[in-house]
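Have a look at the structure below before the remarks.
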Amino acid sequence: MTEPTKTLCPYCGVGCGLEVLPPALPGKAVNRDKEGYPIWQVRGDRAHPSSQGMVCVKGATVAESLHKDRLLHPMLRDSLDEPFRRVSWDEALQRIVDRIQTVRFTQGADAICMYGSGQFNTEDYYIAQKLLKGCLGTNNFDANSRLCMSSAVSGYIQSLGSDGPPCCYEDLDLTDCAFLIGTNTAECHPIIFNRLRKHHKKHSQVRLIVVDPRRTETAQAADLHLAIRPGTDIDLLNGIAHLLVRWGDIHPEFIEECTTGFASLMEVVPHYSPEIVADRCGISVEDLETAARWWGESQRVLSLWSMGLNQSSEGTAKTRSLINLHLLTGQIGKPGAGPFSLTGQPNAMGGREAGGLSHLLPGYRFVNNPEHRAEVEQFWGLEPGQIAAQPGYSAWEMITALERGEVGLFWIAATNPVVSMPDLVRTKAALRRSPFTVYQDAYYPTETSAYAHVLLPAAQWSEAPGVVTNSERRVTLCNQFRTPPGEARPDWVIFAEVGRRLGFRKQFAFNAVGEVFDEFVQLTRDRPCDMSGLSHDRLQREGPLQWPCPETETPVPPQATGLNRWLRWLLHRNEEQQQPAKRLYTDLRFNTPDGRARFQGYHSRGVAEPPDPDFPFVLTTGRLYGHWHTQTRTGRIPKTRQMHPEPFIEIHPRDAEKLGIEQNKPVNVRSRRGSACFKAKVTTAIAPGTVFVPMHWGTLWAENAEANALTHPEACPDSKQPELKACAVQLVLADVKQAETAKVEERSGKLETASL
Ligand SMILES: Nc1nc2c(c(=O)[nH]1)N[C@H]1C(S)=C(S)[C@@H](COP(=O)(O)OP(=O)(O)OC[C@H]3O[C@@H](n4cnc5c(=O)[nH]c(N)nc54)[C@H](O)[C@@H]3O)O[C@H]1N2
Ligand SMILES: Nc1nc2c(c(=O)[nH]1)N[C@H]1C(S)=C(S)[C@@H](COP(=O)(O)OP(=O)(O)OC[C@H]3O[C@@H](n4cnc5c(=O)[nH]c(N)nc54)[C@H](O)[C@@H]3O)O[C@H]1N2
Ligand code: SF4
Ligand SMILES: [Mo]
């Protein structure tokens with residue numbers, strides 16, 4: 001019998017285990033796609049603890065995307081106006097190395113920038129950090145996680161002392177009250193949602209609250225849907241805190257013994273009476289009171305959040321305001337409770353562990369901490385002072401540095417910024433100014449390849465082994481089961497080769513990816529994300545494991561002696577139910593110097609670009625169930641493509657009527673930065689005054705339907721995460737004739753007339 005290969009779904013941060021079998025099994029017909037191409041067979045891995053055999057449509061169909069339109073060879077050109085010519089790896093890499101040396105010695109190392117991705121494996125991330133931050137001495141490595149998780153990272157760090165979601169998926173089966181805010185879990189983390197939904201259906205006392213300006217599929221399953229105005233989350237969260245305090249539904253012992261900064265919250269909370277909050281959020285006082293009552297009376301409150309909070313000009317304040325509620329009520333460090341950030345990409349977590357943002361170093365360390373720098377320099381065999389003391393550029397700061405002509409080499413890998421960055425008019429103009437852009441991707445073309453001087457073919461999921469961490473801190477080894485097409489190479493192999501050619505032979509003397517992982521985990525020793533007990537061999541043998549996973553598991557020292565009776569009881573109860581690493585903070589000691597979690601009260605500032613008479617609508621953007629980001633995979637799979645064949649704009653019937661907009665008629669949408677045109681989807685699922693467009697359609701997949709032609713780059717001052725969830729737009733009924741001739745480009749290269 002053919003043994004299946006164990007791996008993980010390469011899409012979302014749920015991290016469902018997959019088993020993969022070859023297209024041809026003995027005695028069975030060859031599994032083929034519609035075009036007759038043999039396709040590997042994918043099924044859920046029942047032994048994977050995170051997903052227990054479940055998969056959604058994206059995981060089930062992923063194998064159909066692997067062979068289409070791949071970038072097969074390195075390609076090169078001297079200017080963006082020339083065609084690419086195929087070159088050898090040797091020529092491409094030497095060109096990059098020569099350019100790096102020129103830039104280092106003329107402009108300085110900080111003129112080199114790399115923009116990576118939560119779709120790297122942990123080993124890719126780690127090697128990139130070693131190359132950029134270590135050997136080259138520039139912290140200009142940032143990832144698309146900046147557009148995704150960085151407000152959750154800064155919120156956790158500031159409130160709890162370190163990054164890392166404290167919860168686990170079992171909490172979905174144990175909670176009494178699930179509070180989902182700014183997350184369309186049903187479409188974006190479907191297997192998590194299924195698990196929660198099952199628990200909710202089975203136990204009538206379990207409450208499900210969803211906070212989202214849109215009546216999403218997630219909201220439709222809720223007992224209470226709070227359709228707040230975009231950007232009013234802090235008002236709502238402070239409003240709930242106000243009522244919890246007023247009703248005495250708080251946990252004084254927890255606050256007293258386990259937290260600091262309560263006074264800071266109390267300065268803010270009195271200003272958020274139910275009437276004021278209901279008015280600002282556009283909800284009823286009754287609904288607000290219901291939410292607060294359910295939070296207050298539940299034994300176990302679990303909150304889930306994702307981009308509706310993170311992608312905001314006050315993203316850190318939003319995530320901390322949510323964590324405040326958990327601290328106020330002691331809803332953390334116990335089963336079924338806690339603030340649970342759902343990670344977007346498959347390895348956004350691993351990226352954080354490996355230090356893959358421009359202010360981080362491996363092992364949850366910080367660039368601006370001299371001890372952390374010294375530890376890493378010593379470990380990497382570098383001179384003291386080689387790691388720069390200042391954080392590097394964030395994703396958007398790389399764009400502005402390009403605008404100023406300060407970047408000599410821009411290296412993009414495993415992300416498609418010409419669709420996913422905010423303000424695409426500016427982004428594209430900045431990329432056109434780049435004197436030398438390397439683009440390392442699995443597919444060709446993508447929207448970004450048009451802006452590259454060098455294209456490097458990357459081996460993707462299925463073609464290179466590596467480790468990935470999912471939202472519940474569970475680390476899975478993804479095994480290779482296909483050979484890379486053409487000359488494609490794994491990302492870490494490419495980075496390591498460049499490192500060696502630059503003269504750092506000792507630092508990049510790896511023979512196998514398992515050695516890279518072994519080295520990386522040493523840097524996590526005694527850190528909050530301790531993975532020193534993990535190796536590829538162990539993960540192969542024992543299956544996926546959660547961190548912290550120290551090399552020698554020392555029993556947790558009894559912390560309970562100084563605590564009062566209530567806390568001792570809680571601890572004892574937890575210990576009985578716990579496996580180590582299942583949940584963080586079960587000893588109620590946080591990763592701050594004094595072991596206490598920190599309250600911080602914030603006033604809401606609202607969105608960075610509020611609507612006004614010229615741009616009267618708030619545009620919000622997001623995702624659809626069947627598509628993944630910029631469609632490099634899901635656009636090439638018939639099933640997912642048919643689920644969502646074309647872009648659209650959601651608009652409330654009242655607004656549509658006012659503007660004379662009819663169902664399915666084209667609408668021009670303009671912001672201060674750019675414009676786009678979408679078919680109208682008139683629906684009461686969106687509130688009046690707000691419109692929604694999906695983020696998935698770049699110029700390869702539809703004409704003039706880019707969400708990010710409209711968005712702006714204003715970002716949270718702490719997390720530097722741009723506000724992709726709100727900008728001001730105007731809507732104008734489009735000239736139907738003009739729209740009818742709009743073309744949607746088929747990936748096969750044909751042009752077909754869209755039925756706009
Ligand atoms: N199908 C699918 N699944 C995915 C992905 C994908 O591309 N497709 N991508 C993955 C990635 S990388 C990510 S980051 C996650 C994202 O997962 P989610 O965050 O669930 O997805 P989004 O659709 O971006 O946004 C979530 C919701 O935020 C709401 N929202 C907008 N503004 C506000 C606001 O001001 N307040 C509140 N409370 N809510 C607001 C939107 O209406 C939307 O329903 O999904 C992951 N899973
Ligand atoms: N308006 C708006 N914009 C958004 C968002 C939003 O909600 N609204 N969300 C933001 C968020 S949360 C995210 S995460 C980003 C996502 O945005 P992107 O990162 O731009 O989206 P992807 O399409 O996932 O791009 C991944 C690229 O990596 C390639 N790839 C896949 N596997 C590999 C590999 O192993 N190696 C290499 N080298 N390449 C590989 C794929 O072909 C693809 O081109 O978008 C952000 N932009
Ligand atoms: S829920 Fe996420 S990880 Fe699981 S199969 Fe679907 S896309 Fe893949
Ligand atoms: Mo994301």
Side-chain angles (χ1 to χ4, degrees), residues 8-16 18 44 50-51 54-60 62 71 116-121 124 144-145 147-149 181-185 187-194 211-214 216 218-219 226 228-233 236 305-312 318 342-346 348 413-422 440-443 446-448 456-461 463-464 470 490-491 494 607 618 620-634 686 690 692-696 698 706-708 710-711 722 724-726:
L8 200 72
C9 173
Y11 290 117
C12 86
V14 178
C16 297
L18 301 182
S50 295
S51 52
M54 290 186 287
V55 280
C56 78
V57 70
K58 293 184 292 303
V62 60
L71 176 58
S117 165
Q119 290 165 73
F120 279 163
N121 289 332
D124 306 321
N144 58 2
S145 285
L147 313 178
C148 183
M149 301 315 301
I181 179 164
T183 169
N184 183 5
T185 324
E187 295 199 61
C188 296
H189 297 96
I191 299 308
I192 283 185
F193 191 73
N194 287 357
V211 186
D212 194 305
R214 302 159 52 219
T216 57
T218 314
L226 300 172
I228 61 167
R229 287 199 183 95
T232 59
D233 300 85
L236 177 79
W305 86 89
S306 44
M307 293 311 114
L309 291 197
N310 290 349
Q311 288 174 340
S312 159
K318 282 185 177 176
L342 299 178
T343 48
Q345 296 175 89
T415 176
N416 192 3
V418 174
V419 184
S420 54
M421 278 277 190
Q440 182 170 319
D441 203 278
Y443 291 87
T446 77
E447 288 79 356
T448 301
L456 299 179
Q460 61 168 332
W461 174 84
E463 299 154 3
N470 74 5
D491 293 292
I494 301 170
V607 297
V618 180
T620 191
T621 66
R623 292 163 168 76
L624 306 173
Y625 172 57
H627 272 312
W628 177 259
H629 296 160
T630 71
Q631 302 199 38
T632 52
R633 287 195 190 114
T634 52
I686 192 136
T690 304
F692 168 83
V693 303
M695 64 164 292
H696 303 296
E706 298 161 302
N708 285 325
L710 304 159
T711 56
L724 292 163
K725 284 285 176 272

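As the structure lists them, so they are numbered: ligands from 1, and atoms in each ligand from 1. Only this structure's heavy atoms are used, side chains among them; waters, hydrogens and symmetry mates stay out.
Assignment of Leu624 to the shell around ligand 1 is supported, since a heavy atom sits closer than 4.0 Å.
The two residues Pro457 and Ile494 come nearest to each other via the heavy atoms O-CD1, 4.1 Å. The two residues Arg214 and Asn184 have their closest heavy-atom pair at NH1-ND2, 4.5 Å.
When the side-chain hydrogen bond (donor to acceptor under 3.5 Å, both in side chains) test is applied to Thr448, the partners found at least two apart in sequence or on another chain are Asn416. With sequence neighbours excluded, the residues that form a ring pair (Phe, Tyr, Trp, His ring centres under 6.0 Å) with His627 are His644, His696, Trp697.
Looking only at protein N/O/S atoms, the ones less than 2.8 Å from atom 8 (Fe) of ligand 3 make 1 in total.
The 4.0 Å heavy-atom shell around ligand 2 contains residues Gln119, Asn144, Leu147, Cys148, Met307, Gln311, Gln345, Ala414, Thr415, Asn416, Ser420, Tyr439, Gln440, Asp441, Ala442, Tyr443, Ala458, Ala459, Gln460, Asp491, Thr621, Arg623, Trp628, His629, Thr630, Thr632, Arg633, Met695, Asn708, Leu724, Lys725, ordered by chain and number.
Residue Gln440 holds its CD atom at 6.0 Å from CZ of Phe120, rounded to the nearest 0.5 Å. For the atom pair NZ (Lys725) and CG (Asp233), the distance works out to 11.5 Å, reported to the nearest 0.5 Å.
Taking every non-hydrogen atom of Glu187 and a distance limit under 4.0 Å, the qualifying atoms of ligand 1 come out as 1 (N), 2 (C), 3 (N).
A distance-only check finds a donor-acceptor pair linking the side chain of Tyr625 to the backbone of Val57 [under 3.5 Å]. A donor-acceptor pair under 3.5 Å is formed between the side chain of Gln311 and the backbone N or O of Leu147. Under the 3.5 Å distance criterion, the side-chain polar atoms of Asp124 are left unmatched by any main-chain donor or acceptor of Pro490. Formation of a donor-acceptor pair under 3.5 Å by the Asn310 side chain with backbone atoms of Cys148 is found in this model.
The proximity of Asp233 to ligand 1, defined as any non-hydrogen pair under 4.0 Å, is limited to the side chain. Residue contacts with ligand 1, taken as heavy atom pairs separated by less than 4.0 Å, involve Asn184 via backbone and side-chain atoms alike.
Looking at His189 next to ligand 1, no N or O pair under 3.5 Å apart turns up. Checked by distance only, ligand 1 and Thr185 stay at 3.5 Å or farther apart across all their nitrogen or oxygen atoms. Of the N or O atoms in Thr216, none lie within a sub-3.5 Å distance of an N or O in ligand 1.
Side chains of Thr183 and Thr185: a donor on one and an acceptor on the other come within 3.5 Å. A donor-acceptor pair shorter than 3.5 Å cannot be found between the side chains of Asp441 and Thr446.
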